[in-house]
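Working notes for the structure below.
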Amino acid sequence: MDKLIIEGGVALKGDVRISGAKNAALPLMCAALLSGDPLILSNVPHLRDVTTMLRLLGQMGVNVSLDDRSGVELHARDISNPVADYELVKTMRASILVLGPLLARCGSARVSLPGGCAIGLRPVNLHIKGLEAMGAEIKVEQGYISAKATRLRGARIFMDIVTVTGTENLMMAACLADGTTILENAAREPEVVDLANCLIAMGARITGAGTDIIKVEGVKTLHGATHAIMPDRIETGTFLVAAAATGGNVRLVGADGHILDAVLDKLREAGAEIDVGTDEIRLAMDKKPRSVNVRTAPYPAFPTDMQAQFMALNAVANGTSVVTETIFENRFMHALELQRLGADIEIAGNTAVIRGVAQLQGATVMATDLRASASLVIAGLIAEGKTTIDRIYHLDRGYECIEEKLTQLGARIRRSS
Ligand code: UD1
């Protein structure tokens with residue numbers, strides 16, 4: 001199993017290019033199921049989750065071709081097998097995103113229930129309830145969701161919790177439904193907007209994406225399209241925190257600062273100088289960071305996917321901070337690992353109190369989920385001496401070439417197999 005070995009204490013400096021967004025790429029790839037024509041995606045990140053999604057779509061009969069840059073062509077002319085097996089779904093929860101498109105296009109789908117995961121229960125009841133409101137007959141048996149509908153019909157759907165993939169699944173299904181669907185309390189995440197833009201380019205009639213009410217007027221068929229995936233705001237945020245925590249000076253090329261307000265605000269509060277350009281973000285930090293309180297909530301508030309990285313920053317900041325996690329019930333696994341590096345963190349329920357220490361010390365730690373891994377990398381970059389991070393396969397699910405990119409910024413980091 002691969003490990004990352006980091007010699008800490010180097011301030012990150014230089015330029016790095018931000019990749020396409022994982023959380024946009026995954027739903028966009030599923031959108032290909034809605035049309036018999038090819039969907040061509042560019043700026044696709046090279047990630048394990050993307051490979052898993054390509055395998056899943058391939059098993060259904062989608063023709064997949066890759067070019068030598070970051071382009072993928074997905075052609076779902078015939079969907080021979082509208083099934084997502086447990087073997088792949090268990091490795092990637094976002095596989096649930098095939099459910100809506102399969103049902104809308106094929107009239108039936110069989111998708112494994114994702115089950116729990118390291119950060120919490122993460123049910124999919126709202127995906128199921130929404131599809132049922134659109135007329136689907138759904139049974140959950142033997143660990144699988146079996147869904148049927150001759151043709152979905154438009155409906156008014158209220159989601160009592162803001163769910164990102166739930167909104168995306170229902171928005172995709174509604175594109176081919178008979179009549180108009182209104183999604184209320186929809187997720188406003190930029191990835192939902194990116195997906196809506198691609199669906200509109202495929203002929204879908206969607207308004208309101210980016211607000212909490214999305215309206216979809218169903219059409220009979222969608223056609224092919226070409227779409228460039230938006231930059232990854234979580235990768236961007238992760239590099240910015242790493243630079244701020246190490247007292248660095250970086251330029252992130254291909255980044256979009258306009259979808260990162262909550263994160264940039266907290267970094268400025270911590271003492272960073274930030275300049276947002278049209279296609280880049282610059283960050284400089286010339287002092288020890290100040291502690292910042294963080295409370296996660298749906299977009300445009302502070303993203304849960306950046307919580308762990310800020311905990312690493314707070315671990316060495318001046319002062320005491322409170323981090324509150326409101327989205328997932330078990331998302332503090334990194335705190336125990338950060339303590340192994342000398343962080344002073346107290347957890348009570350969904351709140352962590354972090355007292356900044358003068359210095360972290362390198363140690364061996366274990367990655368438990370994707371963003372927890374990112375926080376351990378940041379902690380390793382700050383710590384004195386050698387940090388070894390075990391189980392980094394989590395990191396490979398969501399960060400493209402992370403050690404190459406960090407090396408480019410001067411970090412002493414290597415992978416050992
Ligand atoms: C997506 C992101 C993930 C991010 C999360 C929250 C992708 C591929 N993943 O995950 O990186 O951390 O949004 O921003 O885009 N819930 C229910 N019932 C449901 C669905 C969700 O109760 O049917 C709850 C969840 O347990 C959680 C909350 O709603 O407490 C938000 O989850 P959700 O937005 O659905 O997360 P994902 O879409 O799985």
Side-chain angles (χ1 to χ4, degrees), residues 20-31 45 47-50 52-53 56 89 91-100 111 113-133 138 140 145 157-173 183 185-196 212 229-230 232-238 259-260 262-263 294-309 324-334 350 369-375 394-395 397-399:
K22 167 179 92 72
N23 285 355
L26 300 175
L28 282 164
M29 289 160 77
C30 296
L47 298 169
R48 201 158 58 94
D49 274 6
V50 167
T52 306
M53 188 59 88
L56 188 65
V89 176
T91 65
M92 185 182 65
R93 294 185 47 83
S95 313
I96 190 72
L97 283 163
V98 299
L99 179 62
V111 176
L113 274 174
C117 74
I119 62 174
L121 292 170
R122 299 182 85 176
V124 290
N125 57 311
L126 296 170
H127 302 234
I128 295 176
K129 205 174 135 202
L131 292 171
E132 280 175 341
I138 300 189
V140 178
I145 304 167
I157 300 169
F158 171 75
M159 291 164 282
D160 63 351
I161 297 177
V162 176
T163 159
V164 179
T165 49
T167 301
E168 292 166 344
N169 228 341
L170 299 177
M171 183 168 76
M172 287 192 279
L183 301 175
N185 200 26
R188 292 183 280 166
E189 267 65 3
E191 293 77 11
V192 173
V193 179
D194 205 32
L195 174 64
D212 58 3
I229 297 174
M230 63 179 277
D232 196 312
R233 65 193 166 102
I234 306 301
E235 186 198 25
T236 306
T238 303
I259 50 174
L260 261 174
V263 168
V294 161
R295 184 184 175 83
T296 66
Y299 190 85
F302 189 90
T304 173
D305 285 352
M306 284 301 303
Q307 178 258 103
Q309 299 87 319
T324 311
E325 172 59 54
T326 75
I327 309 284
F328 295 114
E329 64 272 25
N330 188 25
R331 211 173 194 181
F332 282 149
M333 300 285 274
H334 46 282
N350 69 342
D369 70 66
L370 173 56
R371 306 305 170 185
S373 316
S375 111
H394 293 291
L395 212 54
R397 285 189 36 221
Y399 289 91

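Both ligands and their constituent atoms are indexed starting at 1 by order of listing.
Contact annotation for Met53 and ligand 1: no heavy atom of the residue comes within less than 4.0 Å of the ligand.
Ranked by closest heavy atom to atom 31 (C) of ligand 1, the top entry among Thr326, Thr165, Val162 is Val162.
Among all non-hydrogen protein atoms, the one lying nearest atom 3 (C) of ligand 1 is Asp305 OD2, 3.6 Å. Given atom 20 (C) of ligand 1, the protein heavy atom at minimum distance is Pro123 O, 3.2 Å. The nearest heavy-atom contact from the protein to atom 30 (O) of ligand 1 is Ile327 O, 2.6 Å. Nearest protein heavy-atom neighbour of atom 35 (O) of ligand 1: Thr163 OG1, 2.7 Å. Here the heavy atom of the protein found nearest to atom 13 (O) of ligand 1 is Val164 CG2, 3.5 Å. Here the heavy atom of the protein found nearest to atom 6 (C) of ligand 1 is Thr304 CG2, 3.7 Å. Given atom 36 (O) of ligand 1, the protein heavy atom at minimum distance is Phe328 CZ, 3.9 Å.
Checking only distances, Arg122 does come within under 3.5 Å of ligand 1, N or O to N or O. Close N/O approach between Asn23 and ligand 1 is found [any backbone or side-chain N/O within under 3.5 Å]. Residue contacts with ligand 1: Asn125 is placed with a nitrogen or oxygen under 3.5 Å of a nitrogen or oxygen of the ligand (distance criterion only). At under 3.5 Å, not a single nitrogen or oxygen of Ile161, backbone or side chain, sits near a nitrogen or oxygen of ligand 1. Some N or O of Leu126 is nearer than 3.5 Å to an N or O of ligand 1, by distance alone.
By the 4.0 Å N-to-carboxylate-O rule, Glu191 lies close enough to Arg233 to be salt-bridged with it. Ion pairing of Arg331 with Asp305 is present here, as a side-chain N (NZ or NE/NH1/NH2) and a carboxylate O approach within less than 4.0 Å.
Against a heavy-atom cut-off of under 4.0 Å, His127 is close to the following atoms of ligand 1: 23 (O).
Few gaps surround CZ on Arg48; more than 12 heavy atoms of other groups in view lie less than 6.0 Å from it.
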